[in-house]
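Both ligands and their constituent atoms are indexed starting at 1 by order of listing.
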Amino acid sequence: MANTTSTSGRTRRAEIAGGGFAGLTAAIALRQSGWDVRLHEKSPELRAFGAGIYLWHNGLRVLEGVGALEDVLTGSHTPPTYQTWMHNKSVSRETFNGLPWRVMTRSHLHDALVRRVREVGVDIRVNSEAVAADPQGRLTLQTGEVLEADLIIGADGVGSKVRDSIGFKQERWSATDGIIRLIVPRKKEELGDGEWDNTIDMWNTSPRVQRILYSPCNDKELYLGMMAPAADPRGSRVPIDLEVWVEMFPFLEPCLVEAAKLQSARYDKYETTKLDSWTRGKVALVGDAAHAMCPALAQGAGCSMVNAFSIAQDVASAASIEEALVGWEKRVRPITDRCQAISADYAAHRSLSKGNMFTPAALEAACYDPLRQVSSWPQ
Ligand SMILES: Cc1cc2nc3c(=O)[nH]c(=O)nc-3n(C[C@H](O)[C@H](O)[C@H](O)COP(=O)(O)OP(=O)(O)OC[C@H]3O[C@@H](n4cnc5c(N)ncnc54)[C@H](O)[C@@H]3O)c2cc1C
C-alpha cells in the first residue's frame, strides 16, 4: 500500500517546478497516489509551447495511467504509414509492427493534461518561478518564498534553474540542424493526388539540405517541421522564406503559403543535455531539465512523461524518498540514455533520410510499457 505520510504523520507533499509535459505528468501521478502536490509555472498561464508532437506506446500508456488517454485520442491522429521520401521519391514505408503511435498538436496534449491536473486537485500556481532548490527539500521562488517538501521536482525545461542552482555536472550541446515548427490548415483537397493522411518525412540534400516532416494531426490541422542547418540563412529564416521552401517542395505550396503568414514562427536548434545524476537528496529532475534530446526519434516528451510517471510509482511505498529516487534513476535512466544517444547520432548523420531507420534499438523507448514496467512490444 502507498506510503503517503511522512514520519510526522502528515500527508507527503511535493513541490514541482514547471508545467510542461513532465511537470504535469508528475503532478497527476503523485496526486493520484495520495500526495499533496503544488505545481509552479513561471508563465502567467499553463499553456503549451511549440506546434505538433508524436507520442508512441510509452507516452500513450502514461496517458492511460494518468487518466487522460481518451481525451487525447479524440482530436488526434494515427497516420496509416510513416513514409520517408528522398528528393520527393518514396524510400520507405514503416508501420512499426503495430506499435501504437499518435500525432497531435501540442496544445491538444497539454490541454488534456491540464484538465486532468485540475480534476485530481493539484494546487496550481502560475506566475510562480522557481529559482533554486536544495537537497534537504526546499524550493525557493523568485519572490523569496521558501517552501519545504518531502519531494522537489525540477521539471523546468532545458534551462532549468532548479538543476543549475544545485550544480549537477552537465554537458550541453546543440546540433548543427534546427527546425521551424508550425501548425497550418490541412489543405488536403488542394494538394493533388497523394496519400496525404500519412506522416511523410520529406528530405532533400541538394541543392540545399532541407527537410519537411509533414504530419497531419487531425482533419483540420497539419504540423510542419521544417528543418534546415543553422548555417543556412534562408532555410532558417523566420517567418519562413516562401521561395526557398516552395522551390524544394512545390506540391506543398498551399500549406507553405499558410506557413509564411505566421509571424510568430521560431527557428529552434536541437539541444542535448547530459547530467552526472538526476537526483540529489529530495530533489529529482525530470524531462528536458535532465535529458533534453534531439528530436530524431520523437521521444523527448515520451521519455519525460515515462520518467515523471515512474517517480510516483517508486516513491509511493518508499520509507526514504532519497533512496527511492536513487532507485528510480537506476531503473528508468538506461532506456532514456540509449534513446538520447541514438537520437544524437541520427541527428548528426541525418540518418532518418535513409528510410527504414526505426530499428528495434531505435524503438526501444517507444516500446516500453511504464504501467507494467516491461520493455517490449508486441506482448
Ligand atoms: C523540434 C523538436 C521536436 C520535438 N518533437 C517531439 C515529439 O514529436 N515527441 C516527443 O516525445 N518529444 C518531442 N520533442 C521533445 C519535447 O518537446 C520535450 O522533450 C518536452 O517538451 C519536454 O517537456 P518538459 O516538461 O521537460 O519541458 P518544457 O516543455 O520545456 O516545460 C517546462 C515548463 O517549465 C516552465 N518553467 C521554466 N522555468 C521555470 C521555473 N524556473 N519555474 C517555474 N516554471 C518554469 C516553462 O514555462 C514550461 O512550462 C521535440 C523537441 C524539439 C526541439
Side-chain angles (χ1 to χ4, degrees), residues 15-27 38-60 62-63 76 82 101-106 109-110 113-114 124-133 139-143 147 152-165 174-175 177-182 199 201 211 213 215 217 223-228 266-273 278 285-308 336 339-340 343 347 365-366:
E15 299 283 350
I16 301 178
F21 301 126
L24 293 170
T25 302
R38 187 156 41 194
L39 180 114
H40 302 268
E41 168 55 50
K42 73 171 179 185
S43 305
E45 55 180 339
L46 286 175
R47 72 177 184 89
F49 299 91
I53 192 156
Y54 285 68
L55 282 190
W56 302 77
H57 177 59
N58 57 337
L60 296 170
V62 170
L63 291 176
S76 61
Y82 187 112
W101 61 299
R102 203 89 183 152
V103 189
M104 63 205 73
T105 67
R106 283 189 179 240
L109 174 60
H110 198 265
L113 289 171
V114 169
I124 300 163
R125 280 203 197 174
V126 292
N127 286 316
S128 184
E129 183 177 3
V131 292
L139 182 72
T140 305
L141 303 180
Q142 205 262 335
T143 54
L147 302 165
I152 306 285
I153 296 187
D156 48 345
V158 70
S160 173
K161 291 196 170 167
V162 169
R163 175 193 65 213
D164 294 345
S165 70
S174 293
D177 293 335
I179 192 164
I180 303 162
R181 292 171 284 171
L182 303 164
T199 276
D201 196 356
R211 167 196 183 196
L213 182 63
S215 315
C217 295
Y223 164 36
L224 293 178
M226 305 171 69
M227 190 209 87
R266 249 177 37 183
Y267 177 84
D268 294 309
K269 286 185 78 177
Y270 305 155
E271 279 208 62
T272 301
T273 313
W278 294 352
L285 301 174
V286 288
D288 280 5
H291 52 70
M293 64 177 81
C294 291
L297 299 178
Q299 268 298 338
C303 289
S304 300
M305 291 164 65
V306 165
N307 297 341
T336 300
C339 184
Q340 189 186 41
S343 298

TODO: Output, in order, the C-alpha distance, side-chain angles, deciding distance and verdict of side-chain hydrogen bond (donor to acceptor under 3.5 Å, both in side chains) for D201 and Y82.
DONE: CA-CA 8 Å; D201 196 356; Y82 187 112; 3.1 Å; yes
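For the atom pair CZ (R106) and OH (Y223), the distance works out to 6.0 Å, reported to the nearest 0.5 Å. Put simply, CG on N58 and CG on L60 are 8.0 Å apart, with the number rounded to the nearest 0.5 Å. Here I124 contributes atom CD1 and L24 contributes atom CG; the two are 8.0 Å apart, rounded to the nearest 0.5 Å.
Close approach of ligand 1 to E129 (heavy-atom distance below 4.0 Å) involves ligand atoms 40 (C), 41 (N), 42 (N). Each of the atoms 7 (C), 8 (O), 9 (N), 10 (C) of ligand 1 lies under 4.0 Å from some heavy atom of I53.
Distances between N or O atoms of A301 and those of ligand 1 include at least one value under 3.5 Å. On a distance-only criterion, P295 and ligand 1 share no N/O pair closer than 3.5 Å. For ligand 1, the polar-atom distance check finds an N/O of G302 within less than 3.5 Å of one of the ligand's N/O atoms. Inclusion of Y54 in the set of residues having an N or O under 3.5 Å from an N or O of ligand 1 is warranted. Taking any N or O of D288, backbone or side chain, at least one lies under 3.5 Å from an N or O belonging to ligand 1. Close N/O approach between K42 and ligand 1 is found [any backbone or side-chain N/O within under 3.5 Å]. The shortest N/O to N/O separation between I179 and ligand 1 does not fall below 3.5 Å.
The protein non-hydrogen atom at the shortest distance from atom 39 (C) of ligand 1 is D156 CB, 3.5 Å. For atom 2 (C) of ligand 1, the closest non-hydrogen atom on the protein side is R181 NH1, 3.3 Å. At the top of the distance list for atom 6 (C) of ligand 1, counting protein heavy atoms only, stands R106 NH2, 3.7 Å. Of the protein's non-hydrogen atoms, G157 CA, 3.7 Å is the one closest to atom 30 (O) of ligand 1. For atom 25 (O) of ligand 1, the nearest protein heavy atom (residue, atom name, distance) is A22 N, 3.0 Å.
The option with the heavy atom closest to atom 32 (C) of ligand 1, from among G18, G52, A155, is A155. Closest heavy-atom approach to atom 46 (C) of ligand 1 among the candidates Q142, H40, E41: E41. Residue G20 holds the heavy atom nearest to atom 33 (C) of ligand 1 of all those in A365, G287, A289, G20. For atom 41 (N) of ligand 1, the nearest non-hydrogen atom from the set A308, A298, A130, A175 belongs to A130.
Just one of H40, E41, K42, Q142 meets the side chain to side chain donor-acceptor pair (under 3.5 Å) condition when paired with S128; it is H40. When the options T105, L109, V103 are evaluated for a side chain to side chain contact (heavy atoms under 4.5 Å, CB included) with I53, the one that passes is L109.
Proximity of S160 to ligand 1, defined as any heavy-atom pair under 4.0 Å, is not found for any part of the residue. Looking at S43 against ligand 1, only its side chain comes within 4.0 Å, counting heavy atoms. Contacts with ligand 1 closer than 4.0 Å are made by no heavy atom of M293, backbone or side chain.
Under a 4.0 angstrom heavy-atom cut-off, D268 registers as lying outside contact with ligand 1. Distances from ligand 1 to the non-hydrogen atoms of S128 include at least one value under 4.0 Å. Remark: distances from the non-hydrogen atoms of E271 to ligand 1 are all 4.0 Å or more.
Shortest non-hydrogen contact noted between V162 and G154 is CG1-CA, 3.8 Å. When every heavy atom of H57 is checked against every heavy atom of A366, the shortest pair comes out as CB-O, 3.1 Å. A pairwise comparison of heavy atoms in M227 and G178 identifies CG-O, 3.2 Å as the closest pair. Nearest heavy-atom pair, A298 versus W56, reported as atom, atom and distance to 0.1 Å: O-NE1, 3.2 Å.
Checked for salt-bridge contact, K161 and E129 meet the test: a charged N lies under 4.0 Å from a carboxylate O.
Taking the six-membered ring where tryptophan is involved, the planes of W101 and Y54 are essentially parallel, since the angle between them stays under 30° and well short of 60°. Using cut-offs of 30° and 60° for the angle between ring planes, the H291 and W278 rings count as tilted.
For R38, the CZ atom is densely surrounded, since the number of other residues' heavy atoms within 6.0 Å is greater than 12.
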